[in-house]
Amino acid sequence: MTLHAEIAAVTDRVIEASKQRRAAYLDLIRRERENGVDRPRLGCANLAHGYAGTDEQRDEMKDSRRMNVGIVTAYNDMLSAHSTYYRYPEQMKVWALQAGITAQVAGGVPAMCDGVTQGYPGMELSLFSRDTIALSTAVALSHGMFEGAALLGICDKIVPGLLMGALRFGHLPTVMIPGGPMRSGLPNKEKARVRELYAEGKASREELLEAEIAAYHSKGTCTFYGTANSNQMMMEAMGLHVPGAAFANPGTKLRQELTREAVQQLARIGWEGDDYRPLGHCVDERAIVNAAVVLLATGGSTNHLIHLPAIARSAGIVLDWEDFDRLSKTVPLITRVYPNGSADVNMFEDAGGPPFVIRELTKAGMLHDDILTISDKGFAAYGTKPDIVDDKLVWNELPEESGDDAIVRPVDNPFWHEGGFRILTGNLGRSCIKISAVEEDRWIIEAPARVFSDQLAVQEAFKAGELDQDVIVVVRFQGPRANGMPELHKLTPPLGVLQNRGFRVALVTDGRMSGASGKVPCAIHTSPEAKGGGPLAKVRDGDIIRVDAVAGTLEAKVDPAEWEARDYAEAPAEAMGTGREIFALMRHGANEAEQGASALLAEADL
Ligand SMILES: O=C(O)[C@H](O)[C@@H](O)[C@H](O)[C@H](O)COP(=O)(O)O
Ligand code: SF4
């Protein structure tokens with residue numbers, strides 16, 4: 001397969017931009033393998049402490065020829081997606097012994113459910129929970145007791161955080177182990193309809209709660225194609241899962257066997273054997289470009305415009321929004337999964353799922369098919385479908401045709417000839433917009449601004465009928481250094497109602513939206529952020545603003561001399577409560593969204 005010229009050119013740009021950092025990273029993980037903290041170097045007391053917690057396996061663990069796997073788990077009952085991990089370590093320890101290795105829980109990491117905190121103060125810890133997870137992963141693996149790692153995480157910031165931490169131990173072979181989506185409940189579009197009725201006072205709270213519970217009804221990942229499920233698609237394209245593991249439902253034989261295979265595959269790629277596959281070699285510039293390509297081809301979450309650069313930097317790789325913009329102009333949109341359509345991930349999986357996407361993009365030369373995957377079947381395996389036949393895990397070729405061309409299509413018959421992402425630039429800064437879920441007649445919005453400093457005030461203004469007009473809602477001081485860059489997804493229903501009423505509306509913010517946000521045009525991640533002097537701090541009510549996703553511009557149409565002379569609005573005081581005050585260190589040190597919005601990376605000069 002010949003690689004598409006633009007994919008090759010963007011990859012070369014990433015390689016060039018990463019040269020020094022990547023060389024330093026590869027040297028670090030070489031040194032860590034040769035003389036880092038690991039079991040052979042630990043003293044007897046240290047080892048005794050390390051074995052005591054799993055004394056039932058002490059004899060096997062003392063046999064240092066056996067690989068010991070460190071399990072890092074994000075289990076909790078707050079995320080429906082992660083509640084499925086409850087018994088995983090127990091099972092994995094048994095499967096490890098069967099594979100001639102051992103496994104221990106190296107540590108747990110925190111995980112926030114953005115669905116629970118959406119619209120509430122906890123959401124201001126959401127982005128920084130990613131870096132907290134990275135730190136917790138490093139604490140777990142710093143015990144030096146492991147020759148491999150298994151990372152149990154699925155949702156939004158958890159996969160990025162786990163990878164950011166584990167990549168600093170990139171000398172270890174590492175697999176990502178997903179848990180799968182819950183089965184389909186109330187369709188996402190129906191859920192959104194009831195929300196809009198409630199926002200208009202046409203549905204009761206009881207009716208809304210019933211609809212929400214019918215949508216989010218059991219263990220497993222939510223079924224919309226948001227940040228969590230975008231993670232799974234990207235992990236497949238990076239070859240960090242067992243092939244095709246993304247969307248098998250929890251509690252099924254297939255899910256169990258995929259997890260067993262992950263443990264057994266780790267045993268096969270350990271560093272003593274001749275098939276050593278360290279994480280830091282798997283995650284290279286090509287794997288990162290693969291992740292960006294599948295994100296764009298599937299209309300994935302805009303949060304990955306922040307998380308993927310952060311993951312990349314943790315491996316010495318520099319990826320920026322220009323790379324995304326260029327890839328988006330080349331990579332076609334070949335899936336329609338909510339919010340970019342009405343199907344959910346279970347229907348996407350049944351129609352062909354990630355294997356279909358990977359096979360089709362590979363055939364079109366849009367993916368690097370020579371990356372080092374954790375599977376020894378090679379990258380082509382990620383274009384095949386796992387199944388249980390005669391009680392055994394097998395991989396089958398997919399049918400040539402899509403199982404449903406309203407959900408997933410081949411590259412030569414896409415839903416749209418390009419991905420759904422654009423950079424916007426202008427006198428309001430550098431911003432991102434995802435238009436794959438926005439009607440084409442709303443890609444250019446020009447209207448008077450209404451300016452807010454928090455999302456609750458927007459909801460109050462909506463309820464008071466103050467927004468019933470063409471309007472560009474500006475919500476500023478939502479950047480990482482202001483209040484932790486929360487998602488403003490609770491604004492989707494009121495803005496959607498205004499749009500349904502026929503008004504021309506758009507959102508402009510230095511904050512984020514959810515991967516589940518869709519139909520309203522939103523210019524997000526606007527940088528430099530308002531706090532500290534970004535241009536959004538100059539906007540005033542009534543300014544005419546133009547969001548133009550066709551030309552790629554974001555402008556306040558204000559006389560330049562007046563604009564120049566304007567003062568910056570004062571940032572609100574930093575909030576207290578819900579633990580926000582102890583995250584000040586992460587706010588104060590955060591770099592720009594395009595670099596990952598991370599104090600961790602900024603301070604470590606990554
Ligand atoms: O980026 C994402 O995918 C979102 O953060 C998602 O994880 C979050 O849970 C949303 O809030 C869910 O959508 P609803 O709030 O509409 O249920
Ligand atoms: S997808 Fe979002 S709402 Fe669903 S479990 Fe994960 S974090 Fe929570």
Side-chain angles (χ1 to χ4, degrees), residues 74-85 110-120 122-127 129-130 133 152-161 178-183 185-196 198-199 208-209 211-234 246-247 250 295 298-308 337-340 344-346 432 434 437 455 484-496 511-520 522 524-525:
Y75 160 70
N76 70 33
D77 292 330
M78 283 300 97
L79 294 89
S80 54
H82 290 195
S83 58
T84 59
Y85 283 138
M112 175 190 284
C113 178
D114 285 353
V116 178
T117 61
Q118 195 68 245
Y120 292 92
M123 176 47 78
E124 294 180 18
L125 307 188
S126 168
L127 179 61
S129 72
R130 178 198 68 193
I133 290 161
L152 307 186
I154 294 163
C155 285
D156 302 25
K157 300 82 47 197
I158 296 90
V159 165
M182 66 178 76
R183 296 198 184 276
L186 184 76
N188 287 293
K189 275 199 184 243
E190 176 56 16
K191 173 197 71 182
R193 190 184 69 82
V194 178
R195 287 180 179 178
E196 288 181 359
Y198 181 72
L208 179 63
L209 182 59
E212 299 286 0
I213 290 174
Y216 306 127
H217 54 83
S218 66
K219 292 177 171 42
T221 316
C222 304
T223 61
F224 51 78
Y225 192 63
T227 305
N229 288 318
S230 302
N231 280 333
Q232 312 317 307
M233 182 70 241
M234 295 197 307
F247 297 136
L295 181 76
T298 56
S301 168
T302 51
N303 280 314
H304 290 305
L305 298 167
I306 301 171
H307 297 325
L308 192 55
V337 186
Y338 187 87
N340 307 306
D344 70 14
V345 281
N346 291 313
C432 304
K434 173 173 146 184
Q455 57 178 311
M485 201 176 190
E487 291 182 356
L488 306 176
H489 180 52
K490 283 292 185 195
L491 299 183
T492 301
L495 295 178
R512 298 184 290 142
M513 285 307 267
S514 144
S517 308
K519 68 185 209 183
V520 176
C522 300
I524 57 177
H525 312 164

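Counting convention: from 1, in listed order, for ligands and their atoms alike. Position 1 is the first residue of the sequence, and the numbers go up from there.
Atoms of ligand 2 lying under 4.0 Å from any heavy atom of G115, numbered from 1 in the order shown and given with element: 3 (S). Heavy-atom proximity to C155, at under 4.0 Å, picks out these atoms of ligand 2: 1 (S), 5 (S), 6 (Fe), 7 (S). Residue G115 approaches ligand 1 through these ligand atoms, each under 4.0 Å from one of its heavy atoms: 8 (C), 9 (O), 11 (O). Atoms of ligand 2 lying under 4.0 Å from any heavy atom of C113, numbered from 1 in the order shown and given with element: 3 (S), 7 (S), 8 (Fe). Here is the list of ligand 1 atoms found below 4.0 Å of a heavy atom in T227: 1 (O), 2 (C), 3 (O). Close approach to D114 involves these atoms of ligand 2, each under 4.0 Å from a residue heavy atom: 7 (S). Distances below 4.0 Å separate heavy atoms of H489 from the following atoms of ligand 1: 11 (O), 13 (O), 14 (P), 15 (O), 16 (O). Shown in contact with S80 at under 4.0 Å from a heavy atom are these atoms of ligand 2, numbered in order with element: 5 (S). Every atom of ligand 1 is numbered from 1 in the order shown, and the set under 4.0 Å from a heavy atom of N303 is 1 (O). Taking a cut-off of under 4.0 Å to the non-hydrogen atoms of G226, the atoms of ligand 1 that pass are 3 (O).
Closest to atom 4 (Fe) of ligand 2, if we only count protein heavy atoms, is C222 SG, 2.3 Å. The single protein non-hydrogen atom nearest to atom 7 (O) of ligand 1 is D156 OD2, 2.9 Å, given as residue, atom name and distance. In terms of protein heavy atoms, atom 12 (C) of ligand 1 is closest to F224 CZ, 3.4 Å. Nearest protein neighbour of atom 2 (Fe) of ligand 2, counting heavy atoms only, is D156 OD1, 4.0 Å.
A donor-acceptor pair is defined here as one N or O able to donate and one able to accept, closer than 3.5 Å; no such pair exists between the side chain of N229 and the backbone of T223. In this structure, the side chain of Y216 does not engage the main chain of C222 through any donor-acceptor pair within 3.5 Å. Between the side chain of Q232 and the main chain of I154, a donor-acceptor pair closer than 3.5 Å is present. Without hydrogens or angle criteria, H217 side chain to L186 main chain gives no donor-acceptor distance under 3.5 Å. No donor-acceptor distance shorter than 3.5 angstrom exists from the side chain of N346 to the backbone of F247, with no hydrogens or angles considered. No donor-acceptor pair closer than 3.5 Å links the side chain of D77 to the backbone N or O of S83. Side chain of N340 to backbone of G299: a donor-acceptor contact under 3.5 angstrom is found.
For ligand 1, the polar-atom distance check against E212 finds no nitrogen or oxygen pair separated by under 3.5 Å. The shortest N or O to N or O distance between Y216 and ligand 1 is under 3.5 Å. Not a single N or O atom of A228, backbone or side chain, sits closer than 3.5 Å to an N or O atom of ligand 1.
Salt-bridge annotation for R193 and E196: absent, with no side-chain N of the basic residue lying under 4.0 Å from a carboxylate O of the acidic one.
In A228, the part holding a heavy atom less than 4.0 Å from any atom of ligand 2 is the side chain. At a heavy-atom cutoff of 4.0 Å, ligand 1 is contacted by no atom of K490, backbone or side chain.
Counting heavy atoms of neighbouring residues, nucleotides and ligands inside a 6.0 Å radius, atom NZ of K191 exceeds 12 of them.
Under 3.5 Å, the side chains of R512 and S126 contain a donor-acceptor pair of N or O atoms. Between the side chains of H304 and S301, not a single donor N or O lies within less than 3.5 Å of an accepting N or O.
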Quiz prompt | Chi angles and distances behind the side chain to side chain contact (heavy atoms under 4.5 Å, CB included) call for H307, K157 | solution = CA-CA 8 Å; H307 297 325; K157 300 82 47 197; 3.9 Å; yes
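Proximity of R512 to ligand 1 is not established, as no heavy-atom distance is less than 4.0 Å.
Considering only non-hydrogen atoms, atom 16 (O) of ligand 1 lies nearest to R195 out of H307, M513, R195, Q118.
Between I524 and K434 the shortest side-chain heavy-atom distance does not fall below 4.5 Å.
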